[in-house]
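In what follows, every chain begins at residue 1, and chains take the letters A, B, ... in the order their sequences are listed.
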2 protein chains.
Amino acid sequence: MRHIAARTLVVKKGEPVDHSTLLLRGFLSRYVDDRRGQRQFVALHVPGDLVDLHAFPMKRLDHDVAALSDAEVAILPHAAIEAITREDSELTRKLWFATLLDAAIHREWIFRLGRLDATGRVCQLFAETGARLQAVGLGSETHFVLPMTQAELGEACALTSVHVSRVLKTLRDSGICTFRDGEVCVYNPEALTQRGQFDPTYLYLDHAHAHTDGATRRRLALARR
Amino acid sequence: MRHIAARTLVVKKGEPVDHSTLLLRGFLSRYVDDRRGQRQFVALHVPGDLVDLHAFPMKRLDHDVAALSDAEVAILPHAAIEAITREDSELTRKLWFATLLDAAIHREWIFRLGRLDATGRVCQLFAETGARLQAVGLGSETHFVLPMTQAELGEACALTSVHVSRVLKTLRDSGICTFRDGEVCVYNPEALTQRGQFDPTYLYLDHAHAHTDGATRRRLALARR
DNA sequence: CGAAGTATTGACCCATTTCAAAGCATGTGG
DNA sequence: CCACATGCTTTGAAATGGGTCAATACTTCG
């Protein structure tokens, strides 16, 4: 177990790593820098996510990982994962699946940046994050926590903070949702998913949680208090 | 083994699949459609790629797969992969790695769309594809095949075909590279990677080919004739 | 109380899109 | 062998979404 302070680096690009992390509480981000030091977020992580399991087969990361909020993580030594892969092919496949879910979300982000306008991008990010948080029992369809600044939203959606501010204003004025102090309130979920062309099948929720039984769900919910 | 005609669909989004494909010859693309039927490419595949290995743990795809050119693929039944995962954890990890390479390239694409201007996007795509082709012994630093139209380049880089045409003109005029009839000629590789902020460490070439011995390389080269 | 980080708003600018027309291959049927 | 359609590329002119620059306000915190 390890505690991580908000806005600190968790893993640095390129350095060899011998463990992966499971996020228990808080939010992490993954991003790459361009030549002028501008960041582009490539992933956002919510509690329950295996943040850098891909470091197990790859042994280094091609991006940085940082905490958006204070966070609690569990450390998984690669030696332990290695043992799992030797002994339990069923569980190995589930770990593999977890890393592929990540890739599916990457594809959604490519689509977001490639085909949606500014408002659509913000809507899709909100819709996706809301759905992921609901899937792990945090937040509801109408309200969830997202500890980011407008500038960070811009780094995720490839927009300037100025324009994010304008987009949020139009979303507010049109009664779709609000974003204040790191909290999203959704007043019109239908319009949000519509405007963001959000398709939850990307998240493979049926498959991802097919093997989570009721007892485990309750245990997870308790652990998050 | 299976032959696929240019511009035909190989796998359709959402349908359950019981096999994955290894691309032996030709080029495939993966893309998602937006509501108005516009395509956004999320991946481009060159010979040697395991195109949809992620379908093994996921059992369906969240995107379409189509052939850019005539292509030759090998079919890998999931039952066979399943057997590998039970019997050979070493090889399983290599398969896992192959799907993660895909995710690393996805991240590069997110960066491309988020932080590069039109010219930079095209340069990065050319640099990346050139590097991947070279890694499997196809093409050189100064010349390789890329069977796409300008409109398809636009679908990969999130640009209109009109603007792709203009970008190619500036690249031609500045002596960096040319693109004609599905072939890229690079006259200034340094400028190409610079303009596209291309960083080959994304491709993990050291790691990906660490276990390919000389005999195997020669066999692969022969198989491609 | 001042400082630093964050959000808002306005005016102007520019990269890319949109719309439109024309050129150039390639192929097909009469 | 010509007439014509089709698909791809090029070029120009006008429109626009989002960026840039700049000023102001609102927090929070020492």
Original post:
Are more than 12 heavy atoms from other residues, nucleotides or ligands located less than 6.0 Å from atom CZ of A:Arg35?
Top reply: yes
**OP:** Can you sort out the partners of A:Phe126 under ring pair (Phe, Tyr, Trp, His ring centres under 6.0 Å), two or more places apart, ordered by chain and number?
**Re:** A:Phe179
Original post:
Looking at CZ of A:Arg107 and OH of B:Tyr31, how far apart are the two atoms once the value is rounded to the nearest 0.5 Å?
Top reply: 14.5 Å
**OP:** Identify, with sequence neighbours excluded, every residue that meets salt bridge (Lys or Arg N to Asp or Glu O under 4.0 Å) alongside A:Arg7.
**Re:** A:Glu152
Original post:
Going 5' to 3' along DNA chain D, which nucleotides are the first and last within contact of chain B (any atom under 4.0 Å from a heavy atom)?
Top reply: D:dC8 to D:dA13
Original post:
Taking the side chain as C-beta and beyond, is there a heavy-atom pair between B:Leu125 and B:Leu153 under 4.5 Å?
Top reply: yes
**OP:** Mind jotting down which residue pairs meet the salt bridge (charged side-chain N to carboxylate O under 4.0 Å, His left out) criterion with at least one end in residues 10-22 of chain B? Sequence neighbours excluded, please.
**Re:** A:Asp199-B:Lys13
**OP:** Report the residues that fulfil salt bridge (Lys or Arg N to Asp or Glu O under 4.0 Å) with B:Asp70, sequence neighbours left out, ordered by chain and then residue number.
**Re:** none
Original post:
For residues 163-184 of chain A, which residues have at least one heavy atom under 4.0 Å from DNA chain C?
Top reply: A:Ser165, A:Arg166, A:Lys169, A:Arg172
Original post:
Mind checking what makes side-chain hydrogen bond (donor to acceptor under 3.5 Å, both in side chains) contact with B:Asp52, not counting sequence neighbours?
Top reply: B:Thr21
Original post:
Looking only at heavy atoms, which two atoms of B:Ala67 and B:Ala5 are closest? And how far apart?
Top reply: CB-O, 3.6 Å
Original post:
Checking all strands, does B:Arg7 fall into the base, sugar-phosphate, or nothing category for heavy-atom contacts under 4.0 angstrom?
Top reply: sugar-phosphate
Original post:
How far apart are the C-alpha atoms of A:Arg172 and A:Thr178, what are their side-chain angles, what is the distance that settles it, and do they pass the side chain to side chain contact (heavy atoms under 4.5 Å, CB included) test?
Top reply: CA-CA 5 Å; A:Arg172 224 181 297 132; A:Thr178 63; 3.7 Å; yes
Subject >> Which residues share a salt bridge (Lys or Arg N to Asp or Glu O under 4.0 Å) with A:Arg132, sequence neighbours left out >> reply: A:Asp49, A:Glu128
Original post:
Taking only residues two or more places apart in sequence, or in another chain, which ones meet A:Arg60 in a salt bridge (Lys or Arg N to Asp or Glu O under 4.0 Å)?
Top reply: B:Asp206
Let me check something: any side-chain donor-acceptor pairs from residues 157-170 of chain A under 3.5 Å, sequence neighbours excluded? List them with distances.
unit_1   : atom_1 : unit_2   : atom_2 : d
A:Thr160 : OG1    : A:His163 : N      : 3.2
A:Lys169 : NZ     : A:Asp173 : OD2    : 3.4
A:Thr170 : OG1    : A:Val167 : O      : 2.8

Original post:
So how far off straight is the helix from C:dC1-D:dG30 to C:dG30-D:dC1, going by the axes through five pairs at either end, to 10°?
Top reply: 30°
Subject >> Terminal contacting nucleotides, 5' and 3', DNA chain C versus chain A (heavy atom, 4.0 Å) >> reply: C:dT6 to C:dA11
Original post:
Taking for each residue the nucleotide of DNA chain D with the nearest heavy atom, is it B:Thr149 or A:Asp117 whose nucleotide lies nearer the 5' end?
Top reply: B:Thr149
